[in-house]
Amino acid sequence: AILESSTNRDNFGESLDRACASGTYYVVVQRIAGSPAYTLTVAVDTAGATPATARNVTLSLDPPFTTEFVGPGDLTDFYRVNLPISNQLNVSFSKAVLQPLTLAVVRDVNDNGVVDTGEEIFSKTIAGPDDLHQALNLTSRGDTFYVGVKAAGTGTNYDIKFNTAPIDNAGDTAATA
């Protein structure tokens with residue numbers, strides 16, 4: 001059975017979005033005319049769309065990058081990060097994203113699985129190379145934090161990883177060192 005299809009005949013980018021149960025699926029690309037080059041990307045979404053359905057993140061010294069997608073049909077991805085002690089949380093993207101993303105860190109104070117007013121403690125638009133690494137000093141006593149990635153444009157794949165470091169108390173200038 002065909003689950004999704006497109007009759008788009010131009011050479012502009014397009015995407016199909018379909019939630020599927022676990023299993024084996026096949027993708028067929030049919031050439032209509034000529035020999036145009038194309039890139040095919042198949043993304044599997046493993047991050048939940050709310051804090052209640054967030055993907056658990058295991059922190060390690062050198063974690064691998066995880067590839068995800070946000071865009072039409074999947075506007076937000078959430079990750080659950082448990083910090084046993086106060087630490088610097090590092091969130092890194094491996095390469096520049098094709099469309100801007102909004103990165104947010106949330107502490108779900110009332111543990112209701114929803115981002116309520118006042119629970120967002122950090123928000124930043126990730127749009128260029130200078131934005132690829134974000135470091136946040138978080139005070140924690142075994143708290144759970146949620147990291148949200150939201151499509152700020154039409155959608156994009158992204159590679160993300162998380163790790164921790166001791167809190168950076170050094171200043172950024174000679175006067176605050």
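Hydrogens, waters and symmetry mates are skipped; everything else that's a heavy atom, side chains included, is used. In this chain, residues are counted from 1 in sequence order.
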Looking at T164 and N87, would you say the former's side chain and the latter's main chain have a donor-acceptor pair under 3.5 Å? no
Please name the pair of heavy atoms, one in G113 and one in P51, separated by the smallest distance, quoted to 0.1 Å. O-CD, 3.4 Å
Considering all heavy atoms of both residues, which atom of G155 and which atom of Q99 are nearest to each other, and what is their separation? O-CG, 3.3 Å
Between V149 and Y79, is a side chain to side chain contact (heavy atoms under 4.5 Å, CB included) present by the stated rule, with each step listed? CA-CA 9 Å; V149 177; Y79 302 89; 4.2 Å; yes
Check the surroundings of atom NZ in K161: do more than 12 heavy atoms from other residues, nucleotides or ligands lie under 6.0 Å from it? yes
Minimal heavy-atom distance between Y158 and F69, with the atoms involved, is CE2-N, 3.9 Å
Would you say F122 ends up clustered with V106 if hydrophobic residues are merged whenever their side chains have heavy atoms under 4.5 Å apart, either directly or through other cluster members? no
Those residues at least two apart in sequence (or on a different chain) that pass side chain to side chain donor-acceptor pair (under 3.5 Å) with N56 are R80
Verify same cluster id: I167, V81 (apolar side-chain graph, 4.5 Å): no
CD1 of I160 to CG of L103, rounded to nearest 0.5 Å, is 6.5 Å
Would you compute the distance between atom CZ of R141 and atom OG of S86 and round it to the nearest 0.5 angstrom? 7.0 Å
Could you grab the distance from atom CG of L132 to atom CD1 of I126, nearest 0.5 Å is fine? 7.5 Å
Rounded to the nearest 0.5 Å, how far does CD1 of I121 lie from CG of L136? 7.0 Å
For the residue pair Q88 and P166, what are the closest heavy atoms and their distance? CB-O, 3.7 Å
As an exercise, state the distance from CG of D77 to CZ of R55, rounded to the nearest 0.5 Å. 9.5 Å
To the nearest 0.5 Å, how far apart are CD in E119 and CG in N112? 6.0 Å
Angle between ring planes, Y146 versus F78, binned at 30° and 60°: parallel, tilted or perpendicular? perpendicular
When clusters are formed by joining ILVMFWY residues with side-chain heavy atoms under 4.5 Å apart, either directly or through shared neighbours, do V70 and F93 land in the same one? yes
